[in-house]
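In what follows, chains carry the letters A, B, and so on, assigned in the order in which the sequence lines appear, proteins first and then strands, with residues in each chain numbered from 1.
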Amino acid sequence: MKQEKTTVIEHHNFQGEYRILRLSAPATGPLVKPGQFLELQVPRLAERILRRPFSIYQADESGVAVLYKAVGRGTEAMAAIQVGEQVNIIGPLGNGYPEADSGKTPVLVAGGYGNAALYILAQRMKKKGIAFFGGRSEIDILLVKEFEKLGWEVRPTTDDGSLGTKGLVTAAFDPWMNQRGVGSGEQGVENIELFVCGPNPMLKAMGDRAIEHGFTAWLSLDKNMACGVGACLTCVIKRKTENGWEWARCCKDGPIFESRDIMWES
Amino acid sequence: MKQEKTTVIEHHNFQGEYRILRLSAPATGPLVKPGQFLELQVPRLAERILRRPFSIYQADESGVAVLYKAVGRGTEAMAAIQVGEQVNIIGPLGNGYPEADSGKTPVLVAGGYGNAALYILAQRMKKKGIAFFGGRSEIDILLVKEFEKLGWEVRPTTDDGSLGTKGLVTAAFDPWMNQRGVGSGEQGVENIELFVCGPNPMLKAMGDRAIEHGFTAWLSLDKNMACGVGACLTCVIKRKTENGWEWARCCKDGPIFESRDIMWES
Amino acid sequence: MSVDLKIKIGSMVMKNPVTVASGTFGYGPEYAELVDLNRLGAITVKGICPEEHVGNPTPRTFETRGGMLNAIGLPGPGAKGFIKKYVPFLKQYDTPVIVNIWGKGMDDYGTVVEMLDGEDTVSAYEINLSCPNVKEGGAAFGTEVDSFSKVVELVRGKTQKPIIPKLAPNVPNIAAFAKAAENCGADAVSIMNTMPAMAINIDTLKPELANKFGGLSGPPIKPIAIKLVFDAARAISIPIIGMGGIFEPEDAVEFMIAGATSVAVGTANFVDPGTIVRVIDGIERYLIEKGHNSVADIVGTVKI
Amino acid sequence: MSVDLKIKIGSMVMKNPVTVASGTFGYGPEYAELVDLNRLGAITVKGICPEEHVGNPTPRTFETRGGMLNAIGLPGPGAKGFIKKYVPFLKQYDTPVIVNIWGKGMDDYGTVVEMLDGEDTVSAYEINLSCPNVKEGGAAFGTEVDSFSKVVELVRGKTQKPIIPKLAPNVPNIAAFAKAAENCGADAVSIMNTMPAMAINIDTLKPELANKFGGLSGPPIKPIAIKLVFDAARAISIPIIGMGGIFEPEDAVEFMIAGATSVAVGTANFVDPGTIVRVIDGIERYLIEKGHNSVADIVGTVKI
Ligand SMILES: Cc1cc2nc3c(=O)[nH]c(=O)nc-3n(C[C@H](O)[C@H](O)[C@H](O)COP(=O)(O)OP(=O)(O)OC[C@H]3O[C@@H](n4cnc5c(N)ncnc54)[C@H](O)[C@@H]3O)c2cc1C
Ligand SMILES: Cc1cc2nc3c(=O)[nH]c(=O)nc-3n(C[C@H](O)[C@H](O)[C@H](O)COP(=O)(O)OP(=O)(O)OC[C@H]3O[C@@H](n4cnc5c(N)ncnc54)[C@H](O)[C@@H]3O)c2cc1C
Ligand SMILES: Cc1cc2nc3c(=O)[nH]c(=O)nc-3n(C[C@H](O)[C@H](O)[C@H](O)COP(=O)(O)O)c2cc1C
Ligand SMILES: Cc1cc2nc3c(=O)[nH]c(=O)nc-3n(C[C@H](O)[C@H](O)[C@H](O)COP(=O)(O)O)c2cc1C
Ligand code: FES
Ligand code: FES
């Protein structure tokens with residue numbers, strides 16, 4: 001974890017309302033594990049003071065990149081960030097995804113900016129598998145070619161059917177999962193390992209399936225944050241313990257949790 | 001008085017730390033009298049909400065211009081204003097200078113941005129006279145050629161002697177005043193009319209001389225403001241009345257006051 | 001679709017729920033070139049006491065992060081001066097006038113009402129019991145339930161017009177003051193006055209205000225005001241005029257959902273005189289969008 | 001030129017006047033990778049009560065204009081948990097530790113001190129009598145002088161270490177609480193806790209915080225805090241730890257000129273963890289620039 005004054009190297013529209021921001025960050029870049037995130041201080045963010053958390057989309061020795069969508073005040077103000085200007089970040093933060101189990105088939109499931117968060121994971125995983133990407137429309141399905149270039153099979157779904165299967169991500173995932181069946185050895189569903197990043201209902205849907213069918217699902221939780229480092233106790237979720245539950249901080253103990261550990265609140 | 005969403009036509013360095021901002025403001029421009037001012041809402045002024053007051057440096061049917069110096073948070077943030085962007089103004093505000101007395105010799109006395117405030121007055125006055133401009137250094141003496149082009153005689157003074165007489169503006173004004181003498185008819189000092197705009201000590205020095213020697217001096221007072229329209233009672237000064245004094249609002253009852261009306265506070 | 005923006009404060013009918021915060025809009029004429037005074041639900045004028053009052057020395061205001069401090073000190077023309085200088089102007093408009101009143105001592109509150117009550121143009125009184133910027137007593141009345149109640153009773157005895165005590169924010173139990181106001185026959189309460197505050201210049205070591213202290217207003221205090229309105233609303237059934245940092249229509253709607261029947265735009269007038277009309281239009285738009293017919297449909301609807 | 005940044009709170013020596021506001025810096029380890037804990041004057045940890053406490057449901061914070069609301073609800077490991085999980089870590093540093101304590105009832109305040117007092121690592125207690133976010137009582141203690149005094153006396157009876165009651169801002173008479181603290185043997189007071197506040201979502205009609213209310217912190221409250229520190233400083237002669245919206249060194253200096261001997265950085269940690277060190281260095285620079293030798297030279301020097 002570093003606090004670094006970075007310089008903007010690249011900043012441009014990517015697709016639809018998604019933008020890519022690349023930062024020269026030699027202190028932070030080398031430390032990054034897939035699934036970790038940054039707390040970014042938005043320059044010229046009028047009337048609001050807190051940092052905004054973003055998954056790390058790419059990282060190397062020289063820096064990091066995030067892929068973000070303008071959804072509100074902060075992310076809209078980010079559009080004005082210029083190449084060459086300074087951006088203050090804290091990162092990498094959070095636990096990140098664990099090493100993939102080499103005996104299992106890795107499966108990525110993502111929605112929205114979740115694709116971005118999983119890209120660096122996909123890059124660094126030795127074994128390639130299958131990726132289910134959901135979105136409202138074609139414009140919300142990101143990076144298909146990039147994942148394919150890495151050797152992943154991509155199965156998109158869209159709410160409006162403009163790309164891939166029509167429906168939620170489960171509309172593509174469930175048939176695939178059912179086809180594999182339970183208890184069929186290497187091919188069986190208990191032998192897949194899910195890496196999921198997306199909106200909470202998607203996380204929960206995938207977590208429920210994991211528990212029901214006995215496979216592993218690593219879920220990246222998205223909770224509003226204030227400090228991002230574990231100090232303020234804003235971003236807590238209920239994590240199961242032997243006798244009940246305890247609060248776990250998404251920013252520090254997460255954002256990645258295994259589906260069996262999470263106690264979903266209604 | 002109008003509130004107008006103006007468009008920036010021109011914005012550039014003028015001299016030293018002084019900048020010129022020209023706005024397309026067809027509702028406001030035609031109403032302007034010399035000595036009036038604007039309340040300008042600084043775009044992207046982080047953490048501060050109030051408008052900033054600026055004398056109107058130029059005005060015509062199509063708009064207005066201000067000449068300003070970066071001295072703090074607001075005026076520094078103004079540097080980032082781009083040609084083409086929107087700037088919200090309220091103006092023209094204040095009483096402005098009265099019609100000059102055609103029987104008298106007009107004399108302008110200014111310091112700092114005061115030159116700018118007097119420029120539109122000089123332009124519109126039929127009779128031309130003499131102008132005393134004071135500043136710290138050569139770089140602070142603005143618009144000399146422009147005033148000369150209008151037919152005014154300009155006598156600069158600088159604290160460091162880099163231009164004109166060395167010293168305060170009084171170092172040039174006093175000898176000139178004394179030379180005219182009292183009671184010498186058309187040439188006498190009681191026959192001059194001063195229009196002064198500058199820092200308070202300069203205003204007071206000129207006001208004192210006006211009272212002592214029996215000439216008229218119109219002083220443009222600079223008091224911190226909040227509303228600019230006379231509602232909040234922030235910008236008050238003591239104005240003499242028959243029995244004592246009353247508060248007068250610089251933004252509404254001023255900013256121009258005759259020297260005899262002002263009760264200076266220590 | 002049409003919605004009814006009308007509300008009532010006692011016998012005073014406001015064509016919409018939006019007024020201005022006393023002291024931020026002068027006596028009416030100051031903003032008349034920029035704001036159509038006929039659009040307002042009511043005009044609330046700056047504080048008036050029986051006699052002319054000179055107020056504080058300058059500097060009287062200071063800008064802080066996101067807001068401002070003021071210690072104007074209630075200068076004003078007194079009741080007679082107000083009637084002479086401003087009533088003829090205010091008469092021209094089809095908008096009720098709320099006169100904010102204050103006193104150096106208890107008796108003044110009665111005296112000023114006696115002096116003003118004959119004027120038809122005066123539609124209601126807002127009783128300032130909470131100005132942090134005058135030494136004479138205003139502030140003390142507002143933070144002790146007993147003296148607070150005495151003033152409200154005194155004013156109640158002097159007029160049939162609606163009376164609206166304005167509550168101080170620096171108390172742990174705003175509900176007690178709201179309840180006391182209701183019990184003493186008030187027609188509504190205003191919440192909130194500015195928050196006692198201070199700023200010091202670290203070079204001169206002097207307070208930034210000549211009066212040393214002042215009141216904080218503007219966006220910084222909105223979340224404090226929302227809480228106070230909410231607390232008071234649960235204790236009383238008379239209307240609340242909510243204020244504190246209203247800059248956008250959404251702020252006004254938030255106050256109403258918290259329990260305010262009416263709202264006042266204050267510091268925002270200095271920033272954008274168009275705020276009042278924007279807020280009125282925005283409330284209407286919100287009601288339409290959410291399918292409501294009247295202001296009452298949203299007042300106090302916070303789900304807890 | 002060299003200046004002495006050292007200050008004392010009772011028997012506790014701080015190498016500089018800067019600590020952190022309880023609840024904004026965890027228990028120490030959270031920021032240890034970003035901030036050199038040896039630089040701090042003291043580490044103030046999040047509120048601890050005798051037993052483990054679960055705190056409030058989420059959302060627990062909400063961003064407002066220029067600041068934030070929180071209703072964390074004092075979750076924590078309890079006294080035993082704190083000793084086990086955090087004392088070994090805190091021992092490594094050459095920085096005194098102030099433990100912020102609270103209780104669901106009066107007795108808890110005594111109990112938690114009894115449980116912690118044997119630990120050398122615990123240098124002082126800050127007594128939270130003013131948390132707006134727990135139903136159990138904290139807040140009530142802080143707004144009535146009698147119950148406030150009882151708690152302070154109780155704690156005083158249990159320890160020789162410095163005790164520092166933390167005062168609530170939503171009272172009209174902070175000086176009375178400061179004086180009561182001094183009379184009951186407190187070594188210092190902390191001013192201020194967050195300001196009770198609320199925000200409501202106008203689409204869902206639900207409060208933005210699960211707890212409904214929360215406390216406002218950050219830049220919006222600074223002018224309020226400066227006034228409270230000033231008022232308290234004129235009433236007492238024990239030191240004050242000033243806090244509320246300190247983001248820049250100049251803010252800290254302003255608190256000290258108003259009367260604070262020590263200052264705490266709170267919400268600013270979330271925005272820029274470098275704030276603490278920047279504030280320490282900035283205070284030193286200010287003292288040098290103004291030709292002072294020690295912190296005491298500027299404390300309470302406001303010219304009024
Ligand atoms: C660990 C983590 C990783 C993230 N990674 C990315 C990423 O890679 N790319 C990306 O585009 N976004 C990402 N986000 C979400 C991003 O942080 C929010 O979009 C951003 O904070 C919104 O800020 P804003 O000021 O634009 O929105 P605001 O004006 O604050 O809010 C706008 C809307 O977004 C909602 N919102 C605000 N914060 C969040 C949040 N954390 N989660 C869900 N909804 C929120 C608000 O409730 C509101 O409805 C991530 C969030 C977390 C917690
Ligand atoms: C009627 C009037 C006309 C003016 N005309 C011009 C003009 O034509 N050109 C120009 O450059 N400036 C003019 N000014 C001054 C201008 O308004 C201030 O420079 C500006 O408000 C400073 O804002 P800031 O945010 O940059 O400074 P701040 O950060 O607010 O303050 C910086 C410093 O300037 C001081 N300051 C702030 N406001 C004023 C003020 N009104 N008068 C004196 N000192 C102040 C502060 O006390 C502080 O020391 C005028 C002021 C008035 C009242
Ligand atoms: C410059 C100024 C002057 C004020 N004068 C008065 C006054 O005369 N009487 C009064 O009751 N309140 C007065 N107030 C308080 C406001 O009416 C209002 O309660 C407060 O400013 C909060 O609203 P706001 O945040 O929208 O400004 C004044 C406020 C300001 C900023
Ligand atoms: C997230 C958060 C948690 C807090 N928790 C505590 C706490 O446990 N005990 C306490 O006495 N104060 C607590 N506070 C109050 C702070 O210690 C401090 O008094 C207040 O935030 C004002 O300072 P600031 O504006 O610098 O944040 C908390 C504040 C915040 C923002
Ligand atoms: S955001 Fe502060 S603990 Fe997670
Ligand atoms: S600035 Fe408000 S009255 Fe002059």
Against chain A, label [X] side chain, backbone, both or neither, depending on which of its atoms sit under 4.5 Å from a heavy atom there.
| X | value |
| --- | --- |
| D:Tyr31 | side chain |
| D:Asp272 | both |
| D:Thr64 | backbone |
| D:Pro219 | side chain |
| D:Pro75 | both |

Heavy-atom distance under 4.5 Å between the side chains of [X] and [Y], does that happen here?
| X | Y | answer |
| --- | --- | --- |
| D:Phe270 | A:Met225 | no |
| A:Arg48 | D:Arg65 | yes |
| D:Leu34 | A:Met1 | yes |

(request) Identify the two heavy atoms, one from A:Gln3 and one from D:Pro273, that lie closest to each other, and give their separation to 0.1 Å. (result) OE1-CD, 3.3 Å
Does atom [atom1] ([X]) have a neighbourhood of more than 12 heavy atoms from anything else shown, all under 6.0 Å?
| X | atom1 | answer |
| --- | --- | --- |
| A:Arg136 | CZ | no |
| D:Lys206 | NZ | no |
| D:Glu52 | CD | no |
| A:Glu246 | CD | yes |

(request) Among the options D:Gly66, D:Gly55, D:Pro29, pick out the one with the most heavy-atom pairs lying under 4.5 Å from chain A. (result)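 Most pairs with chain A among the choices: D:Gly66.
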(request) Would you mind telling me which of D:Val54, D:Asn269, D:Thr267 has the largest number of heavy-atom pairs within less than 4.5 Å of chain A? (result) D:Val54
In [range], which residues are in contact with chain D at a heavy-atom separation under 4.5 Å?
| range | answer |
| --- | --- |
| residues 80-100 of chain A | A:Ile90 |
| residues 36-47 of chain A | A:Gln41, A:Glu47 |
| residues 228-244 of chain A | A:Val229, A:Gly230, A:Ala231, A:Cys232, A:Leu233, A:Thr234, A:Val236 |

(request) State the CG-CH2 distance between D:Asn56 and A:Trp247, to the nearest 0.5 angstrom. (result) 8.5 Å
(message) Enumerate the ring pair (Phe, Tyr, Trp, His ring centres under 6.0 Å) contacts for residues 55-82 of chain D, please, sequence neighbours excluded, ordered by first and then second residue.
(response)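 Those involving residues 55-82 of chain D do not exist here.
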(message) Would you say D:Glu63 and A:Asn224 are linked by a side-chain donor-acceptor pair, where the criterion is simply a distance under 3.5 Å?
(response) no
